[in-house]
Amino acid sequence: MYRFLLSRQWVILTLGALALIPTMIQLGFWQFHRHEHRVAQNTLIADNLKAEPVPVEELTSPGHTVPRADYWRRVTATGTFDTAHEVVVRRRTSSDDQVGVHVLTPLVLHDGRVVLVNRGWVPAAADQHSYPPVPPAPKGEVTVTGRLKADETTGASGIKDLKGLPDRQVMLINSRQQAELMGREVLGGYLELTAPEPAGGTPETVAEPDHESIGPHMAYAVQWWLFAAGVPVGWVILVRREKHDREAGDAADVPGTPERDTAEAQATPSR
């Protein structure tokens, strides 16, 4: 009755269905793991943003790579802004997705070491080769609070580190690069400034990272698993339909059956 399953067409169809099931299950788990990663990251961000600020020197030092566990930790730093070595970071967006630059200003600490402070976003100059108008950093000694971030790299950010840029313009926020340019010890990573608020609201400080949205990954995982469950169900339906069609065809070929009589009657011309 089911000998048709050994035909080439049905063997290919069955093998294809068997291959789809584990593939869809694996895709479901891939999306599920992405969901877990997003939830864990949201928890990390929320916990670090709620933690009491600590001096930046407690979490980083020259050449130090900021670990993920310390991303977005609130830190403080006291020193004097070195505007002579201030640079802008190209191709950065504002809160309403306008393309401009971030203002990166070194803060010289009491011991002479430097921490990089991302003061926020300003519009780029009309001429991409010119240095844009940048609001001046506070003068004199100042205590800043910010979120600690790791050095940016091409591999981690996907941003190409272009060479031959105009003076005082960079593509990445990287403490090692700035240490070479300034000839000073620079603490690993950098701060995203949160306080004090800049006068007049410019530069526009970098927005707090989103730590509430979990994205659609869990829904995608469930969809893939439902697809995997639907494959064998669909295969059974096709097999039953094929069996029914073949039985109906065989019955039509047997003399004396209603199906055969009906077929003959339809084929005989009326007088």
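Both backbone and side-chain heavy atoms feed into the values below; hydrogens, waters and symmetry mates do not.
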Applying side-chain hydrogen bond (donor to acceptor under 3.5 Å, both in side chains) as the test, list every pair that has at least one member in [range]; sequence neighbours left out.
range            : result
residues 98-108  : Glu86-Thr105, Asp96-Gln98, His102-Asn118, Thr105-Arg119
residues 194-209 : Ser95-Glu204
residues 20-34   : Gln31-His217, His33-Glu36
residues 41-65   : Gln41-Arg68

Can you find a side-chain donor-acceptor pair between Trp235 and Thr14 that sits under 3.5 Å?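 Trp235 vs Thr14: donor-acceptor pair found between side chains.
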
Could you tell me which residues satisfy ring-ring contact (aromatic ring centres under 6.0 Å, His included) with Tyr71, sequence neighbours excluded, listed by chain and number?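 With sequence neighbours excluded, Tyr71 shows a ring-ring contact (aromatic ring centres under 6.0 Å, His included) to no residue whatsoever.
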
Go through the structure and list residues passing ring-ring contact (aromatic ring centres under 6.0 Å, His included) with Phe29, not counting sequence neighbours.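 Counting only residues at least two positions away or on another chain, Phe29 forms a ring-ring contact (aromatic ring centres under 6.0 Å, His included) with Trp225.
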
Would you please name every residue forming a side chain to side chain contact (heavy atoms under 4.5 Å, CB included) with [X], sequence neighbours left out?
X      : result
Leu172 : Glu152, Thr154, Ser157, Ile159, Asp161
Val170 : Val87, Val89, Gln178
Asp97  : none
Arg90  : Gln128, Leu165, Pro166, Gln169, Met171

Glu180 with Arg176: basic N within carboxylate O range, under 4.0 Å: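 No, Glu180 and Arg176 are not salt-bridged.
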
State whether Glu192 and Lys149 are salt-bridged, where the test is any N-O pair (Lys NZ or Arg NE/NH1/NH2 against Asp/Glu carboxylate O) under 4.0 Å.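 So Glu192 pairs with Lys149 through a salt bridge.
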
Can you name the salt bridge (Lys or Arg N to Asp or Glu O under 4.0 Å) partners of Arg168, sequence neighbours left out?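 Checked Arg168 against salt bridge (Lys or Arg N to Asp or Glu O under 4.0 Å); zero matches.
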
Suppose clustering is done on Ile, Leu, Val, Met, Phe, Trp and Tyr with side-chain heavy atoms closer than 4.5 Å. Which residues sit in the same group as Ile237?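 Direct or chained contacts put Ile237 with Val233.
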
